[in-house]
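Working notes for the structure below.
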Amino acid sequence: MQISKSFIEQYNDDNLKAHQRKLDFSTSEIENSEAIIKQLVDFQIAIPSWALGTGGTRFGRFPGGGEPRSLEEKIEDVGLLHALNQASGAISLHIPWDIPTDANAIRNLAAQHGLKFDAVNSNTFQDQADQALSYKFGSLQNVNKAIRKQAVDHNIEVIKHGIELGSDSLTVWLSDGSCFPGQLNFRKAFQNTLEGLQEIYAALPSNWKMFVEYKCAEPNFYSTTVGDWGQSLLYASKLGEKAYTLVDLGHHLPNANIEQIVSLLLMEGKLGGFHFNDSKYGDDDLTAGALKPYQLFLIFNELVEGMNARNMNHAKDLGWMIDASHNVKDPLEDLLQSVEAIMMAYAQALSVDRQALEIAQNENDTVRCQEILQNAFRTDVRALVAEASLRAGGALNPIGLFRNLKVRENLIKERGFKTIATGL
Ligand code: LRH
Ligand code: MN
C-alpha cells in the first residue's frame with residue numbers, strides 16, 4: 001500500500017490552523033526552535049526489518065493481520081512509515097530472516113520509497129534448517145573450532161549482502177554465554193570470541209563499521225560473553241578503529257545508569273549506535289519512551305553534549321536504529337510512536353541551555369542543574385516534531401493519518417489475516 005502525497009497534503013491542510021497555533025506558542029517558548037526543527041528534519045531513524053509483524057513470547061503470539069510476507073512487502077511498510085513521518089529513511093536487515101534474493105531489485109525498490117540500508121545484522125543465535133553444526137553451546141565462543149568457523153563464515157556472508165545493498169555497517173549480537181556456574185571457561189570464551197570477531201573484522205570493507213552489541217542476559221541466564229558495556233568496549237578496543245559498541249536500551253541490568261555509559265563511550269570515541277526501545281523488567285523491547293521517557297531524554301542530553309564536544313554530525317556519525325517487538329499493538333503504529341518519542345527526546349535535549357547548565361555545575365548549584373534539565377524535559381516539543389515532518393513532506397500527525405486511511409484494514413484486504421512476517 002502506498003500513501004499518495006495528495007492524501008498527506010489534504011490531511012495537513014485540515015489540521016494546519018491548530019498546528020500553527022501550537023507552533024507559535026512553542027517557538028515563543030523555545031529560544032532555538034528554528035535550529036531544532038532543522039536538526040529534526042535531518043534526523044533519520046532506521047526501522048528493523050524484524051519488527052514489522054507481531055512479536056510473541058514463549059507463551060504465545062497473536063498476529064494482527066496484514067503482515068508483510070516478503071522483504072519487498074517489508075520495504076513497502078517501512079516506505080509507508082517514512083511517507084507518514086519523513087524520519088524513517090532507512091531499514092536494518094537481519095540475515096537470514098531477510099536475505100535479498102535480487103539485491104539490485106531490492107535496492108531499487110528501497111530507493112523508490114526513499115530508503116537506505118542501515119546496519120545488517122548477523123544471526124548465530126538460532127540453528128537454520130540447512131545448518132551443519134548447532135549453536136546450542138554458543139557460536140564464536142564455542143569450544144568446537146568448526147562451529148566457530150561456521151559462525152565467522154556466516155558473518156562474512158552477511159557483510160557480502162550488506163555491500164550489495166549499499167549498507168556500511170555490521171551489527172554482531174552474540175547470544176553466547178552459559179546457564180550454570182562451571183559450564184564455561186570465561187577467559188577461553190572471551191579469547192575464542194575475540195579471535196572470531198578479528199576474522200570478521202578483517203573482512204570489513206575499509207569504510208565499514210562493526211557494532212558489537214552487548215546484553216546482560218537471555219537466552220543465557222548465568223553469563224553472557226558480551227555481557228555489558230565494559231566487555232563490548234574491551235572487544236571494540238582490541239579489534240581496531242572500525243569497531244564500536246552498540247547500546248540496546250533493554251540490555252542492561254536493572255537501574256543501570258545508561259546515560260552515564262553513553263557519555264563515557266562517546267568520550268572514548270567508541271559509541272557506534274543504538275537500538276532504541278523501552279522496558280520495565282528485562283529485554284521487553286517495548287515502545288521507545290513508553291515507560292522511562294525521562295531516561296530517554298537524559299540519554300539524548302548526554303548525546304548532544306558529547307557529540308557537540310567532538311564536533312560530530314548528529315544525523316550521520318552514529319547509528320540510530322529501533323529494535324522492538326510488538327505483542328499487543330499494531331507494529332506500524334508502535335514504530336511510529338517510537339520514532340516520535342525519540343524525536344521528542346532529541347528536540348528536548350537540543351533545547352537545554354548548556355551554558356547555564358555548565359555555570360550551575362561549576363557552582364555546584366544542584367537545584368539549578370536539575371531545574372535546567374527538568375525544564376527542558378517538561379517543555380512540549382510536539383509542535384516542533386510535527387513542523388519538521390510537515391516541512392519534509394510528511395504528515396502533521398502520522399498515527400492520525402495512518403488511522404484515517406485505514407492502513408491496517410487495507411493491508412489485511414491486500415495480504416490476508418493469517419500472514420506471518422519473519423523476525424521476532
Ligand atoms: C537481541 C537483539 C539483537 C537482535 C535481536 C533481534 O536481544 O536485541 O539486536 O539481533 O534482538
Ligand atoms: Mn538489539
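Both counts, for ligands and for their atoms, begin at 1 and track the order of listing. Computed from a predicted structure; not experimentally measured.
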message = Taking distance alone, with N or O pairs closer than 3.5 Å, would you say Asp248 contacts ligand 1?
response = yes
inquiry  = Suppose we call two aromatic rings close when their centres sit under 6.0 Å apart. Are Phe125 and Tyr135 close by that rule?
reply    = no
request  = Kindly say whether the aromatic ring centers of Tyr235 and Tyr214 come within a distance under 6.0 Å.
outcome  = no
request  = Quick one: give me the number of protein N/O/S atoms under 2.8 Å from the Mn ion (ligand 2).
outcome  = 4
note = Rounded to the nearest 0.5 Å, the CG atom of Asp323 sits from the CD1 atom of Ile47 at a distance of 11.0 Å
request  = May I ask you to check if ligand 1 and His275 share an N or O to N or O distance below 3.5 Å?
outcome  = yes
query = Between Arg403 and Glu409, is there a salt bridge with N-O shorter than 4.0 Å?
reply = no
inquiry  = For atom 9 (O) of ligand 1, what's the nearest protein heavy-atom neighbour? Residue, atom name and distance, please.
reply    = Glu213 OE1, 2.7 Å
message = Looking at Lys5, I'd like to know if its NZ atom is crowded, meaning that more than 12 non-hydrogen atoms belonging to other residues, nucleotides or ligands lie closer than 6.0 Å.
response = yes
ask   = Is Glu76 reaching over with its side chain to a backbone N or O of Met1, donor-acceptor style, under 3.5 angstrom?
value = yes
Sub-3.5 Å N/O-N/O distance, Trp50 and ligand 1 = no
query = Can you find an N or O of Asn121 that's nearer than 3.5 Å to an N or O of ligand 1?
reply = no
query = Is it true that Arg148 and Asp176 make a salt bridge, defined as a side-chain N closer than 4.0 Å to a carboxylate O?
reply = no
Within-cut-off N or O pair, His94 and ligand 1, under 3.5 Å = yes
query = Minimum heavy-atom separation for Trp208 to Ile159, with atom names?
reply = CH2-O, 3.7 Å
request  = List every atom of ligand 1 that sits less than 4.0 Å from any heavy atom of Asp283, numbering the atoms from 1 in the order shown and giving each element.
outcome  = 7 (O)
query = When the ring centroid of Phe180 is compared with that of Tyr222, is the distance short of 6.0 Å?
reply = no
inquiry  = Is it the case that the ring center of Trp320 lies less than 6.0 angstrom away from the ring center of Phe300?
reply    = yes
Atom 8 (O) of ligand 1 - nearest protein heavy atom and its distance = Asp323 OD2, 2.7 Å
